[in-house]
Amino acid sequence: MKLLYFAWLKTMTGVAEEEVSPPPEVTTVATLLDWLKARGPGFAEALADPAAVRIAINQEYARPGDPVRPDDEVALFPPVTGG
Amino acid sequence: MKLLYFAWLKTMTGVAEEEVSPPPEVTTVATLLDWLKARGPGFAEALADPAAVRIAINQEYARPGDPVRPDDEVALFPPVTGG
Amino acid sequence: MIRIQTDDFDVGAEIARLSSGRHGIGGVVAFVGLVRDMVGERPIEAMTLEHYPGMSEKMLARIEAEARARWPLEDSLIIHRVGRLEPGERIVLVITASAHRQAAFEACQFLIDWLKTRAPFWKLEETDAGAHWVAARADDDAAAARWTVPPGRDPEAAE
Amino acid sequence: MIRIQTDDFDVGAEIARLSSGRHGIGGVVAFVGLVRDMVGERPIEAMTLEHYPGMSEKMLARIEAEARARWPLEDSLIIHRVGRLEPGERIVLVITASAHRQAAFEACQFLIDWLKTRAPFWKLEETDAGAHWVAARADDDAAAARWTVPPGRDPEAAE
């Protein structure tokens, strides 16, 4: 699974892009976030407030209950501020 | 009194600009229009529908009851269509 | 600022002039009105814009002042052309600049809506059936009526 | 059409390109977003626009398609810059062209409102107190919420 981090999610986790192989119990956005939070204090802090984090699966906005699969591209980023 | 005509009021009356000296009973926009209508068929036709005619006195929109004075500049034109 | 002219205008240059060096501006909205080639089913060959010199400048300046009083604009510009124009040619330009986009959008719409119902300009259309003066549009009146005016502040007192 | 680029754009040239030879266009509305020099009381030295390559193009294209489905537009254009920009520099350009001005105004506002809440771009502001990521604005959400979407047609399904 490819993970992408943008804006302060990139700064706080220290990661822009990575390949991960989550355990089988990671089947949804919500369980993926729980697994990521346990990876270290930067991740725990960055993902502490789920309302502040937007998720896209294969470049489509996703909800906490949406399924994630091993070959997905999952992006984590704050609410957008362009324009 | 200086009269100005624009758009189809100019075309129908055949006048762009003229100096007139209306009789003393012409004291308002409404009485001025009545006097002008009596000047000939072009004027009568052009001024037949008062709702289709806008009046400006000294370059300010005016109402039928507003006073007109001998040294005024009075313009007659249809509803505007610029922009 | 307002200008009435026969010459064409340069939209990009006018936006740049209005916003250059003014770094409090976050959003600029520009409206450009163009001569269309059809009126209903009938092709238009050209259009002649007539105005009431003196009053047209006065009304544009007053409409602009009203917009500046209602919205926090950093700057604004109205240019209206007069004379003969062919399809595709620019007729009018309205630019508004503000710290935030909402004020710029509202003021720009207000300016063009009011200009279309209050500034003394008239269009003569040339078609293959001859030339005719364009009739005022009821939807322009409706658009202008959206911008409700407090009593005594209407720039066109008669309507 | 949509473009994401580091280079500046020429507003006048883009409006001319979009409207030239298309004589059914009666009104063009352009919005230009600029880098302001202050955020609250603090001067901004520069701003860096980051985006999610791939998804940003996809979202802009979808937002534009939505506007074209909702309003009778003759054409439209969105250009969004990325990279480092200083106060006064242009960030974004949205142009809409229609036979009548009302559709062009509404579609232009819709495009910038939705772009600001759905297209994956982020601003990093540099001030004398250091660099910080700009927080999303509640009034941008409110502006986007005006454009009520029929169920199942929301381009951002998650919100």
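Throughout, protein chains are lettered first and strands after them, A, B, ... in sequence-line order, and every chain is numbered starting at 1. Hydrogens, waters and symmetry mates play no part in the numbers below; they use all other heavy atoms, side chains included.
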Tell me which of these, C:G21, C:A104, C:G24, C:A143, has more heavy-atom pairs under 4.5 Å with chain D than the rest. C:G24
How long is the span from the [atom1] atom in [X] to the [atom2] atom in [Y], to the nearest 0.5 Å?
X      : Y     : atom1 : atom2 : value
C:H100 : D:R36 : NE2   : CZ    : 4.5 Å
C:T96  : D:F31 : OG1   : CZ    : 9.5 Å
C:E74  : D:L34 : CD    : CG    : 11.0 Å

With a 4.5 Å cut-off on heavy-atom pairs, point out which of D:S20, D:C108, D:S19 contacts chain C the most. D:C108
Highest number of heavy-atom pairs under 4.5 Å with chain C: which of D:D10, D:V35, D:V11, D:I112? D:I112
For [X], which atoms come within 4.5 Å of any heavy atom of chain D: side chain, backbone, both, or neither?
X      : answer
C:A99  : both
C:Q102 : side chain
C:I15  : side chain
C:D139 : neither

Is any NZ, NE, NH1 or NH2 atom of the basic residue among D:R101 and C:D140 found under 4.0 Å from an Asp or Glu carboxylate oxygen of the other? yes
Give, as side chain, backbone, both or neither, the part of D:V94 having an atom under 4.5 angstrom from any heavy atom of chain C. neither
For C:Q109 and D:Q109: C-alpha separation, side-chain torsions, deciding distance, then whether side chain to side chain contact (heavy atoms under 4.5 Å, CB included) applies. CA-CA 11 Å; C:Q109 283 194 270; D:Q109 283 194 270; 3.4 Å; yes
